[in-house]
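Below is one structure, written out as C-alpha cells, with a few remarks after it.
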Amino acid sequence: VVLGLGPDERFSSLVRGETVGALALSTDVVPVEESGRLTGRASLVGPLTDRGLAVVGARSGDGLVACSVALDTRGVTIEDMRTAALQGFVCGHVDFANVACTPLGATRPFMTAVRVLLSAAGLGMGRRALNEALHAAHGFRGRGAGGEQTVQGLLADAATELDAAMMLIWKAATTPGVSLGDASMAKLAATEATQRAVARATQVIGVDSFRR
C-alpha cells in the first residue's frame with residue numbers, strides 16, 4: 001500500500017526500513033514476468049544481500065512492470081560484481097528460475113517515486129557536509145575560520161542551494177500524482193547542490209576532511 005505500489009507485506013517492510021532492499025539499475029537486461037513468476041536475468045542489482053528484497057523491472061506482455069522478489073527464495077542465483085568505481089557498493093547480476101514475485105505496477109511511476117527518495121537521501125548527505133563545515137568553521141572555543149568572509153560565503157551558498165533543492169523535493173513528494181519531470185528536477189537539484197556542498201565543506205574543513 002505504501003506509495004500506492006501494492007499490498008506486498010515484505011515490500012512495505014522494505015519501505016519501513018525493516019528489510020534490506022536492492023534495486024535493479026539496468027533496463028536493458030531484464031527477466032520476464034508471467035503469472036507472478038520471474039524467469040531470466042536482472043543486471044546491475046544493488047546493494048545486494050542474500051536475505052533482502054529486490055525490486056526489478058521485468059517484461060510482462062508488451063510492456064515493463066516493476067516486481068518485488070525475495071533474494072532468499074529458491075531459484076534465485078546471485079553473481080557478485082566488483083568494480084573499482086563502485087567500491088563499498090555490493091552489486092551484481094541476479095538470475096531467476098521461475099521464482100515467485102509480486103508485481104508492483106508500471107515501472108515509470110515506481111521510478112518516479114525512487115527519484116524522490118534518492119533526492120531526499122542526497123539532501124541528507126549535503127546537509128551533513130554543511131553541518132560538518134559549520135562545526136569546523138566555529139572551531140575550538142570560537143577560534144575557527146567562521147569569521148572570515150570567504151568561509152561565510154561558501155557556507156551561505158551551500159545552505160541556499162540545499163534549501164532550494166529541499167523545496168523542489170517537497171513539491172515532488174507532496175503533489176498528488178507526482179510527475180516524472182518534478183521528480184527528475186528534484187533529483188538533479190539535490191545531487192548537484194550536495195556535490196557542491198561537499199566540495200565547499202572540504203575547502204572549509206581542510207586537511208581533516210582527508211584524515212577522517
Side-chain angles (χ1 to χ4, degrees), residues 2-5 14-17 20-27 44-48 55 57 66 83-91 106-212:
V2 178
L3 298 178
L5 296 175
L14 167 67
V15 176
R16 291 195 301 267
V20 175
L23 183 69
L25 304 177
S26 172
T27 56
L44 297 175
V45 182
L48 277 175
V55 177
T83 71
L86 295 173
Q87 289 185 9
F89 182 80
V90 182
C91 66
T107 55
R108 180 166 175 164
F110 181 80
M111 291 309 297
T112 299
V114 169
R115 279 182 170 85
V116 177
L117 293 173
L118 291 175
S119 302
L123 183 68
M125 296 177 195
R127 291 211 177 281
R128 172 65 187 272
L130 176 60
N131 289 337
E132 293 288 347
L134 285 168
H135 179 74
H138 292 151
F140 182 67
R141 293 182 180 175
R143 294 200 297 268
E148 298 180 10
Q149 188 171 359
T150 301
V151 172
Q152 291 176 351
L154 289 172
L155 299 180
D157 287 345
T160 301
E161 291 180 3
L162 290 169
D163 275 4
M166 180 180 65
M167 297 301 293
L168 285 172
I169 295 171
W170 280 355
K171 178 187 177 186
T174 58
T175 302
V178 58
S179 71
L180 182 62
D182 283 344
S184 297
M185 286 191 289
K187 180 173 176 290
L188 174 64
T191 53
E192 290 289 324
T194 291
Q195 185 174 9
R196 287 191 288 268
V198 170
R200 289 162 177 151
T202 301
Q203 289 181 269
V204 173
I205 296 172
V207 70
D208 277 348
S209 63
F210 299 99
R211 288 177 176 157
R212 296 188 291 115

(request) Run the numbers on Arg196 and Asp157 for side chain to side chain contact (heavy atoms under 4.5 Å, CB included), then give the verdict. (result) CA-CA 9 Å; Arg196 287 191 288 268; Asp157 287 345; over 6 Å; no

(message) As an exercise, state the distance from CZ of Arg200 to CD of Gln195, rounded to the nearest 0.5 Å.
(response) 11.0 Å

(message) Quick check: closest heavy atoms across Ala183 and Val116, and the distance to 0.1 Å?
(response) CB-CG2, 3.9 Å

(message) Rounded at 0.5 Å granularity, tell me how far CG in Leu117 sits from CD1 in Ile169.
(response) 10.5 Å

(request) Taking all heavy atoms of Ala193 and all of Glu161, pick out the closest pair and write down the distance. (result) CB-O, 3.8 Å

(request) Provide the closest heavy-atom pair for Ser119 versus Ala190 in the form atom of the first, atom of the second, distance. (result) O-CB, 3.5 Å

(request) Calculate, to the nearest 0.5 Å, the distance between atoms CG and CG belonging to Leu162 and Leu130 respectively. (result) 6.0 Å

(message) So Leu188 and Met185, do their side chains get closer than 4.5 Å, heavy atoms only?
(response) no

(message) So, taking the atom named CZ in Arg127 and the one named CD in Glu132, what distance separates them when rounded to the nearest 0.5 Å?
(response) 14.5 Å

(request) Determine yes or no for a side-chain-to-main-chain donor-acceptor pair under 3.5 angstrom, with Thr175 supplying the side chain and Ala172 the backbone. (result) no

(message) Return the CG to CG distance between Leu168 and Asp163, rounded to the nearest 0.5 Å.
(response) 11.5 Å

(message) Measuring from atom CD1 of Ile205 to atom CG of Leu134, what distance do you get when rounded to the nearest 0.5 angstrom?
(response) 9.5 Å

(message) Taking Gly122's backbone N and O only, do any of them form a donor-acceptor pair with Thr194's side chain (distance below 3.5 Å, no angle check)?
(response) yes

